[in-house]
Amino acid sequence: MTFLTIAAVSKRYGPVVALDGVTLHIAAGGRTAVVGPSGSGKTTLLRLLAGFDTPHSGRITMDGRVLADGTSAIPAHRRDIGVVMQDGALFPHLSVADNIAFGLCESASRKTSLVHELSDLVGLERAMLERKPDALSGGQQQRVALARALARRPKLMLLDEPFSALDTGLRASTRKAVAALLQSAGVTTVLVTHDQAEALSFADHVAVMGSGRILQAGPPRELYLRPRSATVATFLGEALILPAALSGGKAHCALGDIEADTPSRAGRADIMLRPEQVSLSLHGPGTACRILDVEFAGATSIATLAIRGLENSPIALRQPSDAGMVAGTVARLAVSGPAHVLEAGGGMPAGEGGLPGIA
Ligand SMILES: Nc1ncnc2c1ncn2[C@@H]1O[C@H](COP(=O)(O)OP(=O)(O)OP(=O)(O)O)[C@@H](O)[C@H]1O
């Protein structure tokens, strides 16, 4: 059931079109991630949902209530929406407990029990409640910000890059804890992030933005495996994009004849393979290629490869570092699984440099 509807919403800042007719339907109780490159309009969308700004046109409806219709809008404090920003935005002079209870119109004893309940829920030890925010780690501060937002029992939770200030390990564990918490509380959530891995792991619905528009929205797996365009494909992960001729359910390309996931299509098209579908070996089966360069990156390395038929467009492919890749040698490339056929007109992203294969 749709809980939040964003219908043809546009927003300009002077000559800049920040949002250009954005339409998005968000299911009740779901976790939606809005991803896209810098400047694509993610934060603007979140600000319009929160009520910090108003659209120029379009309509936002939540749970049957119109939040904004063109430039007339319900103010932020009357929307029942919780917001957690990148830096947590805690009040530095208040204790953790007072931060969580800030603005609640409850008796002192009710406030105390609510603070205890919420701190247990977000996994904060009681001993931390009397500390000031600067005596907590980044991850703990984010949990306080979340508890403070949850204290108002919001119908919708907006998270604006809330994990970006945390280091890698803490980031993953906090993200997992927050996702589980929001799911158990049944709060519909919208997360804004520029981190595709975060979006794919946190959300059950992902919307990819570009230049103020929604390029594609759907379940994470669907978007990762069946992106419409090269732009969406490369934003959501590394991708090998190759020109192909389609016929008889096959994509005929420089890597051979590969089963196509859209058997009815015929003619010329770009196809996409994820790196995990392509394996490089020194003596196995597959298409011959020359290893031009190997860039070591720990567990994996990026090989630059010249394939017959694509000599002028070497491809970049990430492979396990123990695959024995040595620059200057000849190897074989084998493909498993079908090639995904991109929609017509969805070529390489404009202005994207570098080699095909690495986003
Ligand atoms: N207050 C403002 N005044 C003028 N231009 C603005 C304003 N806010 C946003 N913009 C512009 O609108 C566009 C969208 O910005 P927005 O902050 O929504 O992008 P974003 O996808 O959240 O980017 P980032 O990932 O860098 O935060 C950008 O071109 C930005 O420069």
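For clarity, every value in this text was computed on a predicted model and none was experimentally measured. Whatever order the structure lists ligands and atoms in, that order sets their numbers, starting from 1.
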Between Thr71 and Thr54, is there a side-chain donor-acceptor contact under 3.5 Å, judged purely by atom types and distance? no
Check: Glu238 side chain, Ala316 main-chain N or O, donor-acceptor pair, under 3.5 Å: no
Going by heavy atoms in the side chains, are Val144 and Pro133 under 4.5 Å from each other? no
Report yes or no: does Lys42 contribute a side-chain atom to a donor-acceptor pair with the main-chain N or O of His194 at less than 3.5 Å? no
Within-4.5 Å side-chain heavy-atom neighbours: Leu129 and His116: yes
For ligand 1, what are the residues with a heavy-atom contact below 4.0 Å? Tyr13, Val16, Ala18, Pro37, Ser38, Gly39, Ser40, Gly41, Lys42, Thr43, Thr44
Among pairs that include at least one residue of residues 5-21, which meet side-chain hydrogen bond (donor to acceptor under 3.5 Å, both in side chains), considering only residues two or more places apart or in two chains? Lys11-Asp53, Tyr13-Asp53, Asp20-Arg213
